[in-house]
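Working notes, structure below.
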Amino acid sequence: MAFPATRLRRLRRTPPLRDLVRETRLDPGDLVLPLFVEEGLGAATPVAAMPGVARHPLAGLVGEAGEAQELGLPAVLLFGIPAQKDEQGSGAWDEDGVVQEATRALKAAHPGLLVIADLCLCEYTSHGHCGLLRDDGAVDNDATLELLARTAVSQARAGADVIAPSDMMDGRVGAIRAALDDEGFADVPILAYSAKFASAFYGPFREAAGSPPAFGDRRGYQLDPANGREAVREALLDVEEGADIVMVKPALPYLDVIRRIAEASALPVAAYNVSGEYAMVKAAARDGLLDERAAVLEALTSIRRAGADIIISYHAKDAARWLRT
Ligand code: PBG
């Protein structure tokens with residue numbers, strides 16, 4: 001008689017049985033859609049490297065967000081592209097800046113949809129780096145903290161539900177938390193891009209947000225892809241400084257990091273399935289090399305299985321549609 005351990009497939013025989021024993025579920029309620037809003041734009045402008053993604057004018061953005069909400073997505077992550085950039089990135093904390101205006105418009109039109117404001121200076125600085133530059137061209141970490149804190153407060157004042165710093169300056173979560181508390185926003189949570197790697201997979205985003213660094217790269221402040229332990233250390237520091245949710249970015253090449261951080265902290269974990277991950281699937285699907293729906297649902301489920309509670313993905317609307325049918 002055969003040894004019964006060969007009978008694991010008993011649980012795989014029929015769809016209801018497979019569903020019953022499924023360990024990880026993917027739900028539209030886990031997904032967040034990134035959106036780009038550009039000041040002074042006449043009509044939605046497609047991002048060439050990301051089919052299906054566009055930069056929106058304010059009016060179009062509100063419609064796009066409404067669609068996301070109807071599909072069951074709980075939140076959008078908002079990126080702004082200002083009309084003018086300068087050395088400091090002063091458009092980032094302008095009370096009438098592009099993200100502040102967009103946040104007010106979104107909250108007025110869709111009060112039940114969460115607005116997560118991405119907080120970084122790189123879309124607002126003329127040099128494209130994520131902070132103030134010193135004379136030698138390196139980013140001045142401590143001088144940047146005050147600008148980030150000021151930006152966070154202006155985003156909260158505009159009605160942002162969550163502040164998401166993506167700059168990777170040391171000490172920014174503490175600085176932002178203190179400023180929010182001082183200004184009466186103690187209840188506004190921080191989603192920290194804690195383990196943000198210096199990744200080649202951000203290429204298409206930099207086209208979408210108009211934020212490639214004018215010189216050099218971001219390796220001076222983003223994590224080395226080789227370092228998993230250091231990523232855990234970054235996350236634990238953010239937890240100590242007052243983060244409410246910690247994030248790993250990108251997602252698919254860093255599933256081990258998602259798992260380690262989920263085990264090392266008791267906070268909710270988010271993962272950012274970034275522009276390059278999206279572009280790869282789109283390009284392969286366009287050329288008939290992959291079944292887009294199957295590939296995306298498998299990838300998103302795997303990110304959840306690794307330990308992410310929340311997934312930020314440009315495929316969020318598609319996934320929500322596919323999960324319904
Ligand atoms: C920077 C920021 C980046 C992304 C989100 N916020 C790019 C970068 O660090 O260069 C990338 C997101 C993506 O690739 O989808 N503020």
Side-chain angles (χ1 to χ4, degrees), residues 31-38 47-55 76-82 85 89 91-93 97-99 116-132 139 144 147-148 151-152 155 162-169 172-173 176 190-225 231 234 247-254 270-283 296 299-300 303 308 310-317:
L31 305 175
V32 175
L33 180 71
L35 288 177
F36 299 98
V37 58
E38 179 168 351
V47 178
M50 301 172 72
V53 174
R55 301 172 174 211
V76 295
L77 174 64
L78 197 54
F79 293 96
I81 303 136
K85 305 191 185 217
W93 59 84
V98 60
V99 157
I116 307 176
D118 180 90
L119 167 51
C120 193
L121 300 182
C122 66
E123 295 106 69
Y124 301 89
T125 52
S126 43
H127 44 74
H129 278 286
C130 302
L132 270 184
V139 171
T144 301
L147 305 183
L148 294 170
T151 303
Q155 292 174 336
V162 178
I163 306 296
S166 65
D167 53 282
M168 288 301 276
M169 297 303 123
R172 87 254 204 243
V173 172
I176 292 165
I190 296 175
L191 186 173
Y193 287 69
S194 301
K196 178 172 176 180
F197 289 88
S199 174
F201 292 94
Y202 306 150
F205 171 93
R206 292 177 186 171
E207 177 203 334
S211 64
F215 61 88
D217 55 44
R218 302 206 203 291
R219 284 182 291 186
Y221 39 103
Q222 298 181 349
L223 272 164
D224 181 339
E234 282 277 10
M247 181 144 79
V248 176
K249 173 185 171 187
L252 293 172
Y254 300 94
Y272 199 144
N273 180 224
V274 301
S275 58
E277 299 176 69
Y278 176 85
M280 277 197 302
V281 175
K282 280 288 179 191
V296 168
L300 295 177
I303 297 168
I310 302 162
I311 304 172
I312 298 171
S313 175
Y314 301 95
H315 268 118
K317 283 200 329 183

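Counting from 1, the numbers follow the sequence of the chain as shown. Atom set for the values below is all heavy atoms of this structure, side chains included, hydrogens, waters and symmetry mates excluded. Atoms within a ligand are numbered from 1 in the order they appear, just like the ligands themselves.
- For Arg219, the side-chain contact (heavy atoms from CB on, under 4.5 Å) partners two or more places apart in sequence, or in a different chain, are Ala198, Asp217.
- When all heavy atoms of Met50 and Ala208 are compared, the closest pair comes out as SD-CB, 4.5 Å.
- Near ligand 1, residues Phe79, Asp118, Cys120, Cys122, Glu123, Ser166, Lys196, Phe201, Tyr202, Phe205, Arg206, Arg218, Gln222, Lys249, Tyr272, Val274, Ser275, Tyr314 each place a heavy atom inside the 4.0 Å sphere around the ligand atoms.
- Annotation: salt bridge (charged side-chain N to carboxylate O under 4.0 Å, His left out) contacts involving residues 190-201, sequence neighbours excluded, are absent.
- Under the rule for a ring pair (Phe, Tyr, Trp, His ring centres under 6.0 Å), the partners of Tyr278 that lie at least two apart in sequence or sit in another chain are Tyr314, His315.
- In terms of heavy-atom proximity, Ala48 sits nearest to Glu207 at N-OE2, 3.0 Å.
- Contact between Ala92 and Leu121 at its shortest, heavy atoms only, is CB-CD2, 3.7 Å.
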